[in-house]
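Naming: A, B, ... by sequence-line order, numbering from 1 per chain.
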Amino acid sequence: MPELPEVEVTRLSFASRIAGARVLDVHVGKPLRWPFGVGLAGAAQEAVDALSGAVVQGVRRRGKYLLIDTLKDAKPRLLIIHLGMSGSLLFSPRLPAAGKHDHFSLLTSQGELRLNDPRRFGAVIFAYSENDSWPRKLLAGLGVEPLTDDFQSEPFHAALKKRSAPIKQVLLAGDIVVGVGNIYASEALFLAGIRPTLAASKLSKPRVFKLHQAVKTVLQAALDKGGSTLRDFSSATGEGGYFQLEANVYGREKEPCRACAAPIKMIRQGQRSTFYCSVCQK
DNA sequence: AAAAGCCCCTGGATGC
DNA sequence: TGCATCCAGGGGCTTT
């Protein structure tokens with residue numbers, strides 16, 4: 001589910017409300033992508049003990065990862081959450097009884113932060129610092145943040161020049177630019193008028209500039225609409241997003257292109273579906 | 001180094 | 001109604 005806009009919408013929906021909260025307890029359900037406490041000698045119990053009594057300083061986002069910074073006895077403790085395909089967070093002073101897909105809870109003095117993740121592709125990782133081995137392994141190879149000034153078209157072009165894979169898959173890989181998932185990759189390529197199957201290295205500089213702009217435009221527009229809710233995405237206040245209503249190509253196979261009325265095509269690239277207009281995208 | 005496949009898991013939609 | 005099949009917003013890991 002969640003790509004950069006959905007993760008950022010989630011972050012914004014609880015960051016200020018959880019800031020300053022003291023961790024009272026931690027509930028761990030079924031294992032997610034990795035067992036809670038992965039990378040620690042003492043595993044889950046060590047992580048729970050290390051978090052108990054810690055005070056939340058804030059919530060950051062890196063790519064599709066949420067980083068919850070806490071302090072305990074003036075020492076940092078970090079909780080990293082990834083929503084995978086089907087994860088969503090809720091934060092509220094009062095939540096109903098946990099359901100079968102609620103697999104992690106942080107009980108704090110200001111409310112409960114609860115992760116619901118039916119498919120369990122998500123992850124909750126505890127670390128003492130971003131430089132611990134697990135966070136490093138996950139975060140070190142990430143590309144630039146697309147909605148910051150770190151994302152510039154010249155270096156983007158230089159990076160794409162080195163890649164022979166189809167541009168759609170290079171966008172998805174996240175090692176050049178982060179946060180672009182399956183929906184927004186198709187949408188950005190449509191806006192830029194670029195065929196998803198084109199080798200990344202073959203894109204001219206002006207076309208890369210257009211793609212650079214399109215990525216920023218699509219992600220910002222989705223963020224402004226509260227993200228895309230296809231099945232079950234909702235923010236930590238339980239609200240869905242509306243961007244899916246404005247999708248030009250994603251999920252619109254055989255429907256008329258909004259620009260030229262030609263039927264939208266769907267193809268498979270690396271076991272994921274890609275949508276595009278064969279007239280508007282060359 | 002980069003690309004391509006595989007796989008983790010559950011549930012909803014579709015088709016027979 | 002039941003059962004099989006396919007598909008889903010991600011991404012780490014292994015193999016080419």
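For B/dC9, its base sits under 3.5 Å from the side chain of A/R119 at one donor and acceptor pair at least. In this model, no side-chain donor or acceptor of A/R231 finds a partner on the base of B/dG12 within 3.5 Å.
Ring-plane geometry between A/H212 and A/F151 is classed as tilted, the angle between the planes lying from 30 to 60 degrees on a 0 to 90 degree scale.
Distance, A/I176 CD1 to B/dA2 P: 9 Å, rounded to whole Å. A/L32 places its CG atom 15 Å from the P atom of C/dG12, with the value rounded to the nearest Å. Distance NZ (A/K30) to C1' (B/dT10): 9 Å, rounded to an integer number of Å. Between the CG atom of A/D102 and the P atom of B/dT10 there is a distance of 15 Å, given to the nearest Å. Atom CD1 of A/I183 is separated from atom P of C/dG11 by 13 Å (rounded to the nearest Å). For the pair A/D117 CG and C/dG10 P, the computed distance is 13 Å after rounding to whole Å. Distance CG (A/L172) to C1' (B/dA2): 16 Å, rounded to an integer number of Å. At whole-Å resolution of the value, CZ in A/R120 and C1' in C/dG10 are 16 Å apart.
Considering only side-chain N and O atoms, A/R272 lies nowhere under 4.0 angstrom from the phosphate OP1 or OP2 of B/dA4. Between A/R33 and C/dG10 there is no side-chain N or O to OP1 or OP2 distance below 4.0 Å. For C/dA8, the OP1/OP2 oxygens have no side-chain nitrogen or oxygen of A/S86 closer than 4.0 Å. Between A/H103 and the phosphate of B/dC9, there is no side-chain N or O to OP1/OP2 separation shorter than 4.0 Å. In terms of phosphate contacts, A/H82 brings a side-chain nitrogen or oxygen within less than 4.0 Å of OP1 or OP2 of C/dG11. Listed pair A/K100 / B/dG11 meets the phosphate criterion, a side-chain N or O lying under 4.0 Å from OP1 or OP2. Taking only side-chain nitrogens and oxygens, A/Y184 never comes nearer than 4.0 Å to OP1 or OP2 of C/dG9. Neither OP1 nor OP2 of C/dA8 sits under 4.0 Å from any side-chain N or O of A/Y250. The phosphate of C/dC7 (OP1 or OP2) has no side-chain N or O of A/S273 nearer than 4.0 angstrom.
Using a 4.0 Å heavy-atom distance criterion, A/L138 is classed as a sugar-phosphate-only contact. No contact: A/G270 has no heavy atom under 4.0 Å from any strand. Residue A/K162 is out of contact with every strand shown, counting any heavy-atom pair closer than 4.0 Å. The residue A/F243 sits apart from the nucleic acid: no heavy atom pair falls under 4.0 Å.
Of all nucleotides listed (B/dT10, B/dA2, C/dA8), B/dA2 comes nearest to the side chain of A/R163. Each of C/dG9, B/dA3, B/dG5 was ranked by its minimum atom distance to the side chain of A/Q271; first place goes to B/dG5. Minimum atom distance to the side chain of A/S164 is reached by B/dA3, of the listed C/dG10, C/dC13, B/dA3. For A/R268, the listed nucleotide lying nearest its side chain is C/dC7; candidates were C/dC7, C/dG9, B/dA4. Between C/dG12, B/dC9, B/dT10, one nucleotide has an atom nearer to the side chain of A/F121 than all others, and that is B/dC9. For A/P166, the listed nucleotide lying nearest its side chain is B/dA4; candidates were B/dG11, B/dA4, C/dG9. Considering only side-chain atoms of A/K137, the nucleotide from C/dC13, B/dA2, C/dG9 that sits closest is C/dC13.
Pair assignment for B/dC9 gives none, since no Watson-Crick or G-U wobble pairing has each distance under 3.5 Å. If you check C/dG9 for Watson-Crick or wobble pairing at under 3.5 angstrom, you find it has no partner at all.
When the shell of 6.0 Å around NZ of A/K216 is examined, it contains more than 12 heavy atoms from other residues, nucleotides or ligands.
Taking 4.0 Å as the cut-off between side-chain N and carboxylate O, A/E130 and A/R62 do not count as a salt-bridged pair. One finds a salt bridge joining A/R163 and A/D175 here, because a Lys/Arg side-chain nitrogen approaches an Asp/Glu carboxylate oxygen to under 4.0 Å.
Closest approach of A/T274 and A/K168 over heavy atoms only: OG1-NZ, 2.7 Å.
At distances below 3.5 Å, at least one donor-acceptor pair connects side-chain atoms of A/Q281 with backbone N or O atoms of A/I194.
Nucleotides C/dG11 and B/dG11 have their P atoms positioned 22 Å apart, rounded to a whole Å. Nucleotides C/dC6 and B/dC6 have their P atoms positioned 15 Å apart, rounded to a whole Å.
Ring centers of A/F243 and A/Y184: under 6.0 Å apart, within the cut-off.
The closest side-chain heavy-atom distance from A/C277 to A/F190 is below 4.5 Å.
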